2 protein chains.
Amino acid sequence: MIFAPVLRLTSFHQETSSGTGVLIMISTTAEMTRARYEIRRHKHLARRHEHTDRLFRIEDGWACQYRLLPDGRRQIIALFLPGDYCEAQWVLTGQANWPIVALTDMFVTEIPFHDIRARHAAHNSQEPDGMKSLLGSIMHTLKSHEKWIVNLGRMSATERICALLHDLVERLRPSGKVVSNHCPMPLTQYDLADIVGISSVHVNRVLQMLRGEGVISLEAGRLALLNPVELRRLGGPAHV
Amino acid sequence: MIFAPVLRLTSFHQETSSGTGVLIMISTTAEMTRARYEIRRHKHLARRHEHTDRLFRIEDGWACQYRLLPDGRRQIIALFLPGDYCEAQWVLTGQANWPIVALTDMFVTEIPFHDIRARHAAHNSQEPDGMKSLLGSIMHTLKSHEKWIVNLGRMSATERICALLHDLVERLRPSGKVVSNHCPMPLTQYDLADIVGISSVHVNRVLQMLRGEGVISLEAGRLALLNPVELRRLGGPAHV
DNA sequence: CGTTCTCTTGATGGGTCTCAATATGCGTGG
DNA sequence: CCACGCATATTGAGACCCATCAAGAGAACG
């Protein structure tokens, strides 16, 4: 009785979504009535072990989830881009495990859990393709984590950065922020460093190299992929 | 109708389990009737993109999930120890995404999905504490992945290895394989290297150092924590 | 009883870190 | 509108961690 519905979600294993924003379909009318908040850069959307009863959907801006070690080392665990839902597993646990901070000024909408429940109850599964699920979102997070474990464990600094830049562009594409391989890139080199697990100084050198090779241009918070093919190649070999 | 049951699983956010073997309670009678298979070392439990209709529960032996790059680099994504369920998310997707291979000779039992479904239907949630869930298992995987992202991104080789050894012992403890800080450790140094993302040669040197410091002893496939306090300290600072 | 893993150890080189100094940009308040 | 402070980007020098290559010794295995 509890598992049966879960098991019916089998069809999500080949989802083509390229973001984590796959939680649930939202009718525009519902969206209109939903509160929209502005969050300034460096403000926290969640703190460690904080309890919550709602999800954030990111309308605009970037955020990240991170862990901080007492000696100052920081590792970013997840990035949240426009269209993404922050930490879909909150619905399951009711608790954020690690802090989430705004990397830019942002606009978010809040979705109370009871809304998600009600909305999901309303949707019967007559729409095999159109509806995405909470579990789909979590599966997506799992896949993303696995990918970054491989990158952090076995890829060089250049490979990691190229893979990240490629990922970012592909994730921004559905939200319409990519125009002819140009898109916003508000991350500082410190942020990039804490995502790919290297020092910010070395991030700088790798970016210089990529610019020198004519692979990318990156200035004034905008990224351009001048040679996407080469970028992909530098991002490391595909997995067997 | 679909989400309501999922949302009732909120109580798992503080599970104290230390393994991934938190899928579901299995009555001993059911376990008796279940097929038990032997799998030889280096045999695959699953291959890439293989479809399946059952889960494995590991009765004895160790297995791992890994990714292989064309140039030979390997990164182990997950480790499965006695008592663990292999890849609980299979129930959701019906598909293994990455290969799983036996690191030792093993004994496993197979659990068809329809068994899990039926068993879960039988359990009504009168037992708030005793029953663990598929979702709890997936949440556990998520946490474990996050931890390894931090380790791979921001920890030194020594810290990674110490954290891994500490983790292994804690995960083996519930299955009764740890006696006064001694336990089996069948991983080769190549395996260790592919878990912590360093070369096997360097794994050897770190282990030598740990032995020299009197922190551990490791020989003939058995690990002893001679100085657990120091091991934890070397495993890196706790997260803020 | 050879063959193949696995472990060990040394030498060398390279990738990346740390420290440090300087430049550049940007927001804030005078 | 300018001055200042602070965050960010850049660049160099040196050191260190760790990878790679290579060779040999046990141990396991058929």
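Letters go in sequence order (proteins before strands), and every chain restarts at 1. Since this is a predicted model, take the numbers as computed values, not measurements.
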Base, sugar-phosphate alone, or nothing: which one does A:Thr188 contact when heavy atoms must sit under 4.0 Å apart?
-> sugar-phosphate

Remember a base hit wins even if backbone is also touched, and classify B:Arg160 as base, sugar-phosphate or nothing at under 4.0 Å, heavy atoms.
->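 Nothing, no heavy atom under 4.0 Å.
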
To the nearest Å, give me how far apart [atom1] ([X]) and [atom2] ([N]) are.
| X | N | atom1 | atom2 | result |
| --- | --- | --- | --- | --- |
| B:Leu210 | C:dC7 | CG | P | 15 Å |
| A:His202 | C:dG14 | NE2 | P | 14 Å |
| A:Met209 | D:dT10 | CE | P | 14 Å |
| B:Arg40 | D:dG30 | CZ | C1' | 12 Å |
| A:Leu187 | D:dA9 | CG | C1' | 15 Å |
| A:Arg73 | D:dC17 | CZ | C1' | 14 Å |
| B:Met155 | C:dC17 | CE | P | 16 Å |
| B:Glu219 | C:dT8 | CD | P | 10 Å |

Nearest to the side chain of A:Val201 - C:dT8, D:dT11, C:dC17?
->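 My answer, after comparing the listed nucleotides, is D:dT11.
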
A:Ile198 side chain: which of C:dT16, D:dT8, C:dC7 is closest?
-> C:dT16

Taking all non-hydrogen atoms of both residues, which atom of A:Val196 and which atom of A:Arg160 are closest, and how far apart?
-> O-NH1, 2.7 Å

May I ask you to decide if the ring planes of A:His145 and B:His145 are parallel, tilted or perpendicular, using 30° and 60° as cut-offs?
->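 Ring orientation of A:His145 relative to B:His145: perpendicular.
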
Please confirm whether the backbone N or O of A:Ile76 pairs with a side-chain atom of A:Arg67, one donor and one acceptor, at under 3.5 Å?
-> no

For A:Asp194, does its backbone N or O pair with a side-chain atom of A:Gln75 as donor and acceptor, under 3.5 Å?
->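 Answer holds: yes.
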
Which sits closer to the 5' end of DNA chain C, B:Ser200 or B:Arg205, going by the nucleotide each is nearest to?
->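 The 5'-side residue here is B:Ser200.
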
Please determine whether a side-chain nitrogen or oxygen atom of [X] lies at a distance below 4.0 Å from atom OP1 or OP2 of [N].
| X | N | answer |
| --- | --- | --- |
| A:Arg211 | D:dA9 | no |
| B:Arg41 | C:dT6 | yes |
| B:Asn204 | C:dC7 | no |

Can you check whether A:Cys162 reaches A:Leu210 side chain to side chain, under 4.5 Å on heavy atoms?
-> yes

